*Asks:* 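Mind having a look at this structure? Questions to follow.
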There are 2 protein chains.
Amino acid sequence: MSSSSATADPKLSLTAADWARAALDAMAAGGLDAVAVEPLARRLGVTKGSFYWHFQNREALLRAALELWERRETEDVLARVGDEADPYQRIVKVFREANAGYRSGRLYLAIAAAEDNPLVNEFVQRVSARRMEYLVSCYQALGFEDVRARHWARFAYATFMGNLQIRRDSPDLMPSGAPFNDYLKLMIKTLIPREAGEKSAGDSHPHVVPMHRSSGHS
Amino acid sequence: MSSSSATADPKLSLTAADWARAALDAMAAGGLDAVAVEPLARRLGVTKGSFYWHFQNREALLRAALELWERRETEDVLARVGDEADPYQRIVKVFREANAGYRSGRLYLAIAAAEDNPLVNEFVQRVSARRMEYLVSCYQALGFEDVRARHWARFAYATFMGNLQIRRDSPDLMPSGAPFNDYLKLMIKTLIPREAGEKSAGDSHPHVVPMHRSSGHS
DNA sequence: GGTTGCCCATACGCCCCCGTATGGCTAGAC
DNA sequence: GTCTAGCCATACGGGGGCGTATGGGCAACC
């Protein structure tokens, strides 16, 4: 898809962004410790000499990779569902995107697993806070009062994260196909109750799951 | 008691179990990579010479630590709420224990983060499957048909895991005190519906969280 | 008091990673 | 053609973890 790095590229010269991308890929595959200079250099077909020209040290690479991650996380993910008018559909979309584009979630888990690193922790905190805020705003738009909106948003976010974890750790426990869709419907129906303040906007049954998959990609 | 290990113990001789316990502690603190022979030896006040008398290599220690974890996980956690008669209260207890005893959950996250290790993955899969089975049996005892029981159990388990993740990665997003109790009540009320026999939507939540009393359910 | 077995210390070679120092190669400027 | 700047290779020292080899202390046992 989007030039997601290869072992040998036609490019004759690497950039700092190339290194940052490779670092993120490594992180998704092997966690924080996989962001090592020499292995990355080998994977990119160069040596350390290249790296230490573009970056001062390993931590600078880590910072660049995390910044890239944060950028993707807020620009890509949220901007793709942010144009949805109906707050209900916004939440539904978040859930669908989340459970389909497993790749982004896996990356989150890999990064968050290194929360003992203060630099990582800083980024994780910002990203998760921003996600929560988005969900809170959705529930508020549905008519929920602040505290309740925050509770429901946290609830939904936790469920979303837990599904990621289940899918990663024990995929056998996660159904696929039609049963999975039933599971999704159950969660959506449960996590978006309709007793906020009765925000009108369609009294019939707007709570229908449209069932449209957008192609994966980050 | 349970003497959570110290740097220098009165014991003049270490056992394999001591090493396994120390390995688990290290894992909870620093992930899989923290289970290193020489650092652990330093922490226990001995040298590698001791370790390689008790174990053949690092993987043997890892296996011992994971077996200890699995034993604790099934004997301690489940055996503590398993004697509860009311299935509703069983689920409530699981949720309460989970959100209170943050320690065990943090350990789970640390271990599960290393799912790329086949040995670790094997144990994680067994433990999570066993947890899920327990929850499924609770929902079945509540009268849920098999597939729906499995959906609700997965839902509850995912929410439980997600709350752990939130609490670890961004504790600021998790309320404390009275608001947290409201949050817990909301989740419990939502995740233990009462419509085992039917399948229609639009139900309210008749269950009340008793807090201490075992409610005469059914 | 010598022997045996348990538990551990010391020392070594190996590998892998970090960071630095230094030199080489290529393309464009002049 | 020379000079310069960008990009990278090579080589080195240091650190830390793994696994092994070997020996020492200390009990119990006979």
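Fair warning: this is a prediction, and the values are worked out from it, not measured in the lab. Just so it is clear: chains get the letters A, B, ... in the order the sequence lines come, proteins before strands, and each one is counted from 1.
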*Asks:* Atom CG of B/Leu40 to atom P of D/dG17: distance rounded to whole Å?
*Replies:* 10 Å

*Asks:* Going by distance alone, is a donor N or O of one side chain under 3.5 Å from an acceptor N or O of the other, for A/Gln140 and A/Asp146?
*Replies:* yes

*Asks:* With respect to the side chain of B/Pro39, which nucleotide from D/dG17, D/dT20, C/dC18 is positioned closest?
*Replies:* D/dG17

*Asks:* Tell me whether A/Arg154 forms a cation-pi arrangement with B/Tyr183, defined as NZ or CZ under 6.0 Å from the six-membered ring centre and within 45 degrees of its axis.
*Replies:* yes

*Asks:* Between D/dG17, C/dC8, D/dC7, which one does the side chain of B/Leu14 approach most closely?
*Replies:* C/dC8

*Asks:* Taking the six-membered ring of B/Phe123, is NZ or CZ of B/Arg130 closer than 6.0 Å to its centre and within 45° of its axis?
*Replies:* no

*Asks:* Using whole Å, what does the distance between atom C1' of nucleotide D/dT20 and atom CZ of B/Phe55 come to?
*Replies:* 18 Å

*Asks:* Of the nucleotides D/dC18, C/dC18, C/dC8, which has the atom closest to the A/Ala36 side chain?
*Replies:* C/dC18

*Asks:* Check the angle between the aromatic planes of A/Phe155 and A/Trp152 and answer parallel, tilted or perpendicular using the 30° and 60° thresholds.
*Replies:* parallel

*Asks:* Could you check how far CG of B/Asp33 sits from P of C/dC16, rounded to whole Å?
*Replies:* 16 Å

*Asks:* Respond yes when some side-chain nitrogen or oxygen of B/Arg42 is under 4.0 Å from OP1 or OP2 of D/dG16, and no when none is.
*Replies:* no

*Asks:* C/dC8, OP1 or OP2 - any side-chain N/O from B/His54 closer than 4.0 Å?
*Replies:* yes

*Asks:* Start at the 5' end of DNA chain C and walk down; is the nucleotide closest to A/Gln56 or to B/Trp19 reached first?
*Replies:* B/Trp19

*Asks:* Nearest to the side chain of A/Trp53 - D/dG6, C/dC7, C/dA9?
*Replies:* D/dG6

*Asks:* Specify the separation, in whole Å, of atom CD of B/Glu38 and atom P of C/dC12.
*Replies:* 15 Å

*Asks:* How long is the line joining CZ of A/Phe51 and P of C/dT20, in whole Å?
*Replies:* 11 Å

*Asks:* Can you check the A/Leu61 CG to C/dC18 C1' distance for me, whole Å?
*Replies:* 13 Å

*Asks:* Rounded to whole Å, how long is the line connecting atom CG of B/Leu44 with atom P of C/dA9?
*Replies:* 11 Å

*Asks:* Can you tell which of D/dC8, C/dA9, D/dC18 lies closest to the side chain of A/Ser50?
*Replies:* D/dC8

*Asks:* Less than 6.0 Å separating the ring centroids of B/Phe51 and B/Trp19?
*Replies:* yes

*Asks:* Within this structure, what is the OH-to-P distance between B/Tyr52 and C/dA9, rounded to whole angstrom?
*Replies:* 15 Å

*Asks:* Among the candidates D/dG17, C/dC8, D/dA9, find the nucleotide nearest to the side-chain atoms of A/Thr47.
*Replies:* D/dA9

